[in-house]
Amino acid sequence: MEAKQRGNQQINLQHGEPHSHSPAYQAVLRAGPRVRPLQQAHAQIVVLGKHCNLALLTKLLTLACAAGSITYTRRLFLTVSNPDSFLFNSLIKGSSKFGFPYDAVWFYRRMLLADISPSNYTFTSVIKACADLSALRLGRSIHSHVLVCGYGSDSYVQAALVAFYAKSSELSIARRLFDRIPEKTIVAWNSMISGYDQNGFSREAIGLFDQMRELGVEPDSSTFVSVLSACAQLGAIGLGCRVHDYVVSNGFDVNVVLGTSLINMYCRCGNVIKARNVFDLMSERNVIAWTAMISGYGIHGYGREAMELFGQMQIQGPRPNNITFVAVLSACAHAGLIQEGRRAFADMKQEYGLVPGVEHHVCLVDMLGRAGLLNEAYQFVKDLNPGELTPAVWTAMLGACKMHKKFDLGVQVAEHLLAVEPENPGHYVMLSNIYALAGKMDRVELVRNMMIRRGLKKQVGYSTVEVDHKTYLFSMGDKSHPEIYWYLDDLMLRCREAGYVPAFESVMHELEEEEREYALRYHSEKLAIAFGLLKTSVGMVIRVVKNLRMCEDCHSAIKYISVVCNREIIVRDKLRFHHFNNGSCSCLDYW
DNA sequence: CTAGGGTTAG
């Protein structure tokens with residue numbers, strides 16, 4: 001109320017001359033969001049004896065916050081003798097907006113201690129801070145405070161609460177709250193849809209989007225961003241394209257965020273050309289947009305295109321950051337661009353002053369390892385600081401050992417990993433695969449028993465394929481579509497006639513000899529491809545998404561399938577894309 | 001003389 005009255009007064013002042021501002025106020029305005037000038041302006045305020053003027057101090061504090069110096073903001077705050085609700089709301093808003101959620105909460109507590117009642121404005125900001133922190137307990141208590149203060153039906157507070165519960169992984173609470181909103185704003189819908197998406201529930205995100213459309217609620221660009229992200233996760237290019245068409249034909253502005261999600265969607269659904277079209281048409285491109293496009297080339301194995309774009313970025317684009325270099329290095333790793341990768345890693349440190357993290361080390365080991373430079377990879381690992389020797393780096397080293405059948409080192413690394421992360425089933429699978437490659441079946445058995453004793457299971461692999469805008473999911477030995485089995489049996493026979501030889505060593509260790517070919521034959525990606533071939537007409541591309549990495553046998557089999565059926569098959573596995581056509585794969589067996 | 005809420009990309 002107090003605020004409203006003061007707001008009205010402000011209207012009367014609107015015709016005042018700009019120079020009616022006091023010198024102290026002008027000094028604050030001139031300083032802008034920069035710490036040093038603000039300090040000088042503060043000194044002036046004190047000299048002029050205006051240090052009790054709350055309006056002036058509020059402006060000063062807001063700018064200090066915007067300048068990114070929360071320490072200075074807090075110091076200034078402590079000099080204010082009797083802060084009012086205006087000041088607190090500005091501070092809470094500023095800290096949560098500029099990335100200081102802890103301070104937002106701290107100021108909120110100070111506000112309560114000062115016996116000043118929070119408003120709906122206060123709550124939206126402090127709930128956002130809780131969401132950023134995933135601070136479930138705190139958020140819950142603030143939620144009850146919201147109800148006590150009578151703001152439970154404020155639409156802004158409701159949307160913030162839905163987002164908060166979703167970001168704290170409490171999706172059912174978020175949903176219950178959402179369902180109870182009688183008049184749902186577009187932001188409430190967006191909060192719930194993005195909540196599903198961010199927690200990996202892509203289908204639920206899309207389902208809610210459909211429901212929203214059925215009710216005639218008009219989506220906005222933020223809705224599209226979440227839906228496109230869900231499409232990207234699922235590889236649902238059909239829906240992705242429809243969203244894109246809708247955006248274009250309804251004249252939505254493709255801003256940086258929306259453009260970047262389109263790029264990401266097209267790349268992860270297998271269409272880099274369309275992604276590049278979107279990139280070229282964007283009027284504003286920031287570091288995130290460039291990085292998305294570079295990473296898109298990388299996961300398709302188009303290393304040269306990735307490096308060319310990166311080169312262009314260095315000349316006329318925004319400054320690359322750590323994430324850009326992850327994209328660049330992994331593009332090099334997947335395309336065998338060793339020299340370029342080494343160079344980029346050096347530039348990252350020397351030219352850009354960036355500090356490589358775990359991901360960069362993993363990329364480098366991966367790159368050297370794939371290329372067969374095992375000694376160099378191992379030397380690189382040994383040269384890292386003890387603190388940088390993370391399991392992820394060793395896992396990359398282990399992958400290289402397996403790929404190049406480096407038995408002794410592989411066993412050594414795997415045993416180290418088992419000691420450090422005994423709960424990670426992936427390490428056991430790797431170790432047993434290495435033993436299997438070396439023909440040490442007694443050891444394979446040993447590792448398998450150890451895994452069982454510790455109650456560990458390997459991750460379940462599954463694949464999806466899109467037919468007529470619907471996605472179908474398959475897991476190994478899946479019996480949901482019996483009609484594909486005879487087809488697949490026949491198909492594999494034709495592949496064998498064309499020269500395909502099953503790679504038995506790719507089978508997981510727990511199987512008996514005679515079961516092996518069947519286990520291979522019914523891998524989820526083969527089932528999904530068989531289904532796709534059966535249900536789509538000649539000439540249509542088969543697109544499959546797998547949650548894990550493809551095995552070597554499937555990779556070889558699919559090359560033959562592409563010949564025997566004369567079809568283009570695109571498989572996205574956990575790491576990258578494989579475009580199969582005419583008996584070869586775009587990864588050139590370099591994966 | 002002060003703020004003006006919630007959702008969104010690598």
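In what follows, chains carry the letters A, B, and so on, assigned in the order in which the sequence lines appear, proteins first and then strands, with residues in each chain numbered from 1.
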OP1 or OP2 of B:dT8 sitting under 4.0 Å from any side-chain N/O of A:K167?
-> yes
Of the candidate nucleotides B:dT8, B:dT7, B:dG5, which contains the atom at the shortest distance from the side chain of A:T124?
-> B:dG5
Just compare B:dT8, B:dG6, B:dC1 and give me whichever is closest to any side-chain atom of A:K128.
-> B:dG6
Tell me: CG of A:L208 to C1' of B:dT7, nearest whole Å?
-> 13 Å
May I ask you to say what A:S155 touches in the nucleic acid, namely base, sugar-phosphate or nothing, with a heavy-atom cut-off under 4.0 Å?
-> base
Which glycosidic conformation, syn or anti, is assigned to B:dG5 if syn requires a torsion within 90° of zero?
-> syn
Rounded to whole Å, the CG-P distance (A:N322 to B:dG10) equals 16 Å
Side chain of A:Y25: nearest nucleotide among B:dC1, B:dG10, B:dG5?
-> B:dC1
Check the angle between the aromatic planes of A:H300 and A:Y302 and answer parallel, tilted or perpendicular using the 30° and 60° thresholds.
-> parallel
When we call it a touch if two heavy atoms are under 4.0 Å apart, what does A:N286 touch: a base, just sugar-phosphate, or nothing?
-> base
Can you tell me the distance, in whole Å, between the CG atom of A:L56 and the C1' atom of B:dA3?
-> 15 Å
A:V257 side chain: which of B:dT7, B:dA9, B:dG5 is closest?
-> B:dA9
Using a cut-off of less than 4.0 Å, is there contact between a side-chain N or O of A:Q198 and OP1 or OP2 of B:dT8?
-> yes
Hey, would you say the A:F123 and A:Y156 ring centroids sit under 6.0 Å apart?
-> no
Just how far, in rounded Å, is C1' of B:dA3 from CD1 of A:I92?
-> 12 Å
Hey, is the side chain of A:N89 pairing donor to acceptor with the base of B:dA3 inside 3.5 Å?
-> yes
Checking B:dT8, B:dG5, B:dA3 against the side chain of A:F86 (C-beta onward), the nearest is B:dA3
Side-chain donor-acceptor contacts of residues 207-217 of chain A below 3.5 Å, not counting sequence neighbours, with atom names and distances?
residue: A:R213; atom: NH2; partner: A:E218; partner atom: OE2; Å: 3.4
residue: A:R213; atom: NH2; partner: A:Y246; partner atom: OH; Å: 3.4

Is the NZ or CZ atom of A:K184 positioned over A:F178's six-membered ring, under 6.0 angstrom from the centre and within 45° of the axis?
-> yes
Base B:dT7 to side chain A:S191, donor-acceptor N/O within 3.5 Å cut-off = no
With a non-hydrogen cut-off below 4.0 angstrom, is A:V287 in contact with a base, only sugar-phosphate, or nothing?
-> base
Around A:F252, counting heavy atoms of other residues, nucleotides and ligands shown, do more than 12 lie under 6.0 Å from its CZ?
-> yes
So does A:S194 get a side-chain nitrogen or oxygen closer than 4.0 Å to the phosphate oxygens (OP1/OP2) of B:dT8?
-> yes
How long is the line joining NE2 of A:H143 and P of B:dG6, in whole Å?
-> 17 Å
Rounded to the nearest Å, what distance is computed from the CG atom of residue A:N264 to the P atom of nucleotide B:dT8?
-> 15 Å
Does A:E308 CD have over 12 foreign heavy atoms under 6.0 Å away?
-> no
Side chain of A:T185, base of B:dG6: donor and acceptor closer than 3.5 Å?
-> yes
Under the 5.5 Å and 30° test, is A:Y156 stacked on the base of B:dG5?
-> yes
Over-ring placement of A:R74 relative to A:W106, 6.0 Å and 45° cut-offs = yes
Will you find, in the side chains of A:D197 and A:S194, an N or O donor that is under 3.5 Å from an N or O acceptor?
-> no
Find the distance A:F98:CZ to B:dG5:P and express it as a whole number of Å.
-> 12 Å
How close or far is atom C1' of B:dC1 from atom CG of A:L48, stated in whole angstroms?
-> 14 Å
Quick one: side chain to side chain contact (heavy atoms under 4.5 Å, CB included) partners of A:A331, sequence neighbours excluded?
-> A:A306
Among residues 58-80 of chain A, which residues get a heavy atom nearer than 4.0 Å to DNA chain B?
-> A:T58, A:K59, A:T62
Polar side-chain contact A:N321-B:dG10 base: donor and acceptor under 3.5 Å = yes
